[in-house]
Amino acid sequence: MFVHAAQALGYRCIVLDPDAVSPAGAVAEKHIKADYLDSFGLAQLARDCDAITTEFENVPALALETLAGMRVVAPAAASVAVCQDRAIEKAHFEAAGVPCAPHAVITNEIELTAVDPALLPGILKTSRMGYDGKGQVRVATTAELAQAWEGLKRVPCVLEQLLPLKAELSVLVARGADGQIVNFPVQQNLHRGGILAVTEVPAPDVPVEVDRLAVAAARQVADALNYVGVLCIEFFWLQDGRLVVNEMAPRPHNSGHWTMNGADVSQFELQVRALAGLPLPAPRQHSASVMLNLLGDLWFNDDGGPTPPAWDRVLALPGTHLHLYGKADARHGRKMGHLNITADTPEAAHAVAVEAAAILGLPTDF
Ligand code: ADP
Ligand code: MG
């Protein structure tokens, strides 16, 4: 989607991706099939590209650092490094004056036994490499905590207090090298099994004070990082009304995919603009939007599969925009694409989204 946005602005793209079947590589002018730290691959990128970005936060920060000596790189390796480690990320939030969930860092036996029982029940999360709920275990007691840490091979972890959520929100900002910053409206996100399922914009349940707090906090976090590019900040809105930051992603984010059809500039175009040093106008939402994630599970609905869902029935609904990523195999829990629904009013977009979900065999309780 980034490559498409860059191409629309007349740029050519080279994608470095170790996967031979790379959706981005397939639409780019060139695909370098190499590991993220492959020196030959990185040298090719540095030779042929004017500017370099990442679409995946687990690209080793070292790769970006190496390239930054030769070319424009955004976001910077230092920013990506903060997002790659939950413990460092949380320390950054606190330093930026934005509250996050009560937590403890666990890297050794002493820290494990010193954990404040008030953090239980909690979620033990690996500090690095987690996504879509992977590398997370819910624990209720200190015994379960010890067992879970063992199960995670005693890698550095963060134990977070399990918080009573009213809803999950996210805010996407785009920040230029000159410090200019713009944001999309607050997004309300529903997760199922730790994976984003539905995003609605405008956020249906969010009062204006919470909306303002979320936008201000997101901008504060980006400014404190001196961030360049698109950054997504995810929040927990708690049942007692408080807003705490959950985590951030140094790239366009799944919760911003609605911007491809519901806003006058998409998150991907803003990423291209930030990277190319082009102006960043404030994006304007022109349609109420709902995004439904399409996981590989949908290909296995009837008799085993894999069979594609009934796209013709979904696309017969008004304001539906289907985006499929061209991944080779449908697998359970794998993000295969998303469906954007746009309408004049949030109620209309919601109603069509519920109809589409019913056709697809997705839960309709959102
Ligand atoms: P990931 O990197 O996998 O997205 P997250 O930390 O965002 O990891 O956790 C995934 C989901 O699990 C969240 O979106 C939320 O629904 C739930 N979750 C995570 N941490 C907490 C918490 N401390 N309290 C309540 N729910 C949580
Ligand atoms: Mg998350």
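Computation of the quantities below employed the complete heavy-atom set of this structure, encompassing side-chain atoms and omitting hydrogens, waters and symmetry-equivalent molecules. Numbering of ligands and ligand atoms starts at 1, following listing order.
Numbered from 1 in the order shown, with element, the atoms of ligand 1 that lie under 4.0 Å from a heavy atom of Gln161 read 22 (C), 23 (N), 24 (N). Distances below 4.0 Å separate heavy atoms of Ile123 from the following atoms of ligand 1: 18 (N), 19 (C), 20 (N), 21 (C), 22 (C), 27 (C). Contact atoms of ligand 1 toward Leu162: 24 (N), 25 (C) (distance under 4.0 Å to a heavy atom of the residue).
Leu315 contributes atom CG, which lies 7.0 Å from atom CG of Leu339 (distance to the nearest 0.5 angstrom). Interatomic distance, CZ of Phe235 versus CG of Leu165, reported as 14.0 Å (0.5 Å rounding).
Of the residues listed (Asn340, Val201, Thr259, Asn261), the one engaging Met291 in a side-chain contact (heavy atoms from CB on, under 4.5 Å) is Asn340, and it is the only one. Each of Lys90, Arg86, Lys125 was evaluated against Glu247; a single residue qualifies, Arg86, per the side-chain hydrogen bond (donor to acceptor under 3.5 Å, both in side chains) test.
Here atom 2 (O) of ligand 1 lies nearest to Arg86 when heavy atoms of Arg86, Lys134, Lys125 are compared. Of the options Leu159, Val158, Leu163, the smallest heavy-atom separation from atom 25 (C) of ligand 1 is shown by Leu163. Across Gln136, Glu168, His191, Glu247, heavy-atom proximity to atom 9 (O) of ligand 1 is greatest for Gln136.
Here the heavy atom of the protein found nearest to atom 26 (N) of ligand 1 is Leu165 CD1, 3.7 Å. Among all non-hydrogen protein atoms, the one lying nearest atom 3 (O) of ligand 1 is Gly133 N, 2.5 Å. Here the protein heavy atom with the shortest distance to atom 11 (C) of ligand 1 is Gly194 CA, 4.1 Å. Looking at atom 17 (C) of ligand 1, its nearest protein heavy atom turns out to be Arg138 NH2, 4.4 Å.
Note: no N/O pair closer than 3.5 Å links Glu234 and ligand 1 by distance alone.
Within 6.0 Å of CZ in Arg242 there are 12 or fewer heavy atoms belonging to other residues, nucleotides or ligands. Heavy-atom neighbours of Arg212 CZ from other residues, nucleotides or ligands within 6.0 Å: at or below the threshold of 12.
Distances from the Mg ion (ligand 2) to the N/O/S atoms of Glu247 are shortest for OE2.
Of all the heavy atoms of Leu196, none lies under 4.0 Å from any atom of ligand 1, so neither backbone nor side chain is involved.
Annotation: side-chain hydrogen bond (donor to acceptor under 3.5 Å, both in side chains) contacts of Glu209 (sequence neighbours excluded): none.
For Gln187 and Trp258, the side-chain atoms include at least one donor-acceptor pair closer than 3.5 Å.
Of the possible polar contacts, one joining the Thr126 side chain to the Arg128 backbone as a donor-acceptor pair under 3.5 Å is found.
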